[in-house]
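Presented below is the structure to which this report refers.
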Amino acid sequence: MTDWRMYLVTSGNDRRTVEVAAAAARGGAGVVQVRHKQGGDRELLALVTAVAAAVERANPDTRVVVDDATDVAWAARRAGAAVHGVHLGQDDLPVEAARQILGPDALVGLTTGTLELVQRAQQQAGVVDYLGAGPFRPTPTKDSGRAPLGVEGYRPLVQASRIPVLAIGDVTPADVEALAGTGIAGVCMVRHVMQAADPEALVRGVLAGYERGRLAAQT
């Protein structure tokens, strides 16, 4: 079963990207998404393969997915890399097509962020494994055009979804406890992990915060 609580989205394509992904896996990150929008397919495939090998050595339970590129995920899996699926945006390949290409055991994620998108995604509940929902707050790296959700914006999304909902969009470690109380399945982080002096310790702290928030919501 996939642990959604701490989901790393990588940035960059150098050796540090690979090292941080492995450190996050050692710290307990359940999923590492490899994102590199600036390079071509061959460059992305090389990065995905390197990250997958490092993550598998660090923590075989951590799942590795590829941002947007179903074909790269397929090629990596076919070559024997420990790559488990793909994360798709609203303008990428339809989730049904990605599922057909990658097979029934693959992870397929979908970006949402409004109640309408989450409700629409329920029609694909047998195809999509999780929903990324955001932005939590405005981010300096990506403008989705959707209004920031804030903590309270996640409650109606979670209530409307049979599919696990993950918060994304400049989520910081300090936000995790409050977000966990909304019923989300986990948080996605980019900069705060990629730029951390000790990514492994940061991930452990995020998981502890998530559990505090989850338990507080149950009492």
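A salt bridge is defined here as a Lys NZ or Arg NE, NH1 or NH2 lying under 4.0 Å from an Asp or Glu carboxylate O, and Glu96 with Arg99 fails to meet this definition. Ionic pairing of Arg16 and Glu19 is not present here: no N-O contact between side-chain nitrogen and carboxylate oxygen is shorter than 4.0 angstrom. Of the charged side-chain nitrogens involved, at least one lies within less than 4.0 Å of a carboxylate oxygen, so that Arg77 and Asp105 count as a salt-bridged pair. Under a 4.0 Å N-O distance rule, the pair Arg5/Asp3 qualifies as a salt bridge.
Here the closest non-hydrogen pair linking Thr10 and Ala21 is CG2-CB, 4.4 Å. Nearest heavy-atom pair across Leu149 and Gly113 is CD2-O, 3.5 Å. Residues Val171 and Ala167 share a closest heavy-atom pair of CG2-O, 4.0 Å. Pairing each heavy atom of Tyr130 with each of Leu166, the nearest pair is CB-CD1, 4.1 Å. The heavy-atom pair separating Ala185 from Pro164 by the smallest distance is CB-CB, 3.7 Å. When all heavy atoms of Ala196 and Leu202 are compared, the pair lying nearest together is CB-CD1, 3.8 Å.
The distance from atom CG of Leu44 to atom CZ of Arg35, rounded to the nearest 0.5 Å, is 12.0 Å. Rounded to the nearest 0.5 angstrom, Leu102 CG and Gln100 CD are separated by 10.5 Å. The structure places CD1 of Ile101 at 5.5 Å from OG1 of Thr70, a figure rounded to the nearest 0.5 Å. Gln90 contributes atom CD, which lies 9.5 Å from atom CG of Leu88 (distance to the nearest 0.5 angstrom). Rounding to the nearest 0.5 Å places CD of Gln159 at 10.0 Å from CG of Leu115. Between the CE atom of Met6 and the SG atom of Cys188 there is a distance of 8.0 Å, given to the nearest 0.5 Å.
A single hydrophobic cluster is not seen to contain both Ile168 and Leu117; linkage of ILVMFWY side chains at heavy-atom distances under 4.5 Å, directly or through other members, places them apart.
With Glu211 contributing its side chain and Leu207 its backbone, the two residues share no donor-acceptor pair below 3.5 Å. Not a single donor-acceptor pair under 3.5 Å links the side chain of His84 to the backbone N or O of Val65. With Arg204 contributing its side chain and Arg26 its backbone, the two residues share a donor-acceptor pair below 3.5 Å. Proximity of a side-chain donor or acceptor of Gln122 to a complementary backbone N or O of Arg162 within less than 3.5 Å is detected. Using modelled atom types, no side-chain atom of Thr2 and backbone atom of Trp4 make a donor-acceptor pair closer than 3.5 Å. With Asp14 contributing its side chain and Thr17 its backbone, the two residues share a donor-acceptor pair below 3.5 Å. When atom types are taken as modelled, the side chain of Thr62 and the backbone of Gly28 share no donor-acceptor pair closer than 3.5 angstrom. Formation of a donor-acceptor pair under 3.5 Å by the Arg137 side chain with backbone atoms of Asp170 is found in this model.
Looking at residues two or more places apart in sequence or on another chain, you find no side chain to side chain donor-acceptor pair (under 3.5 Å) involving Ser11.
None of Asp68, Asp67, Thr111 except one satisfies the side chain to side chain donor-acceptor pair (under 3.5 Å) rule with His87; the exception is Thr111.
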Between Phe136 and Val151, is the side-chain contact (heavy atoms from CB on, under 4.5 Å) condition met? List the steps. CA-CA 7 Å; Phe136 168 64; Val151 171; 3.8 Å; yes

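The shortest side-chain heavy-atom distance between Asp175 and Val187 does not fall under the 4.5 Å cut-off.
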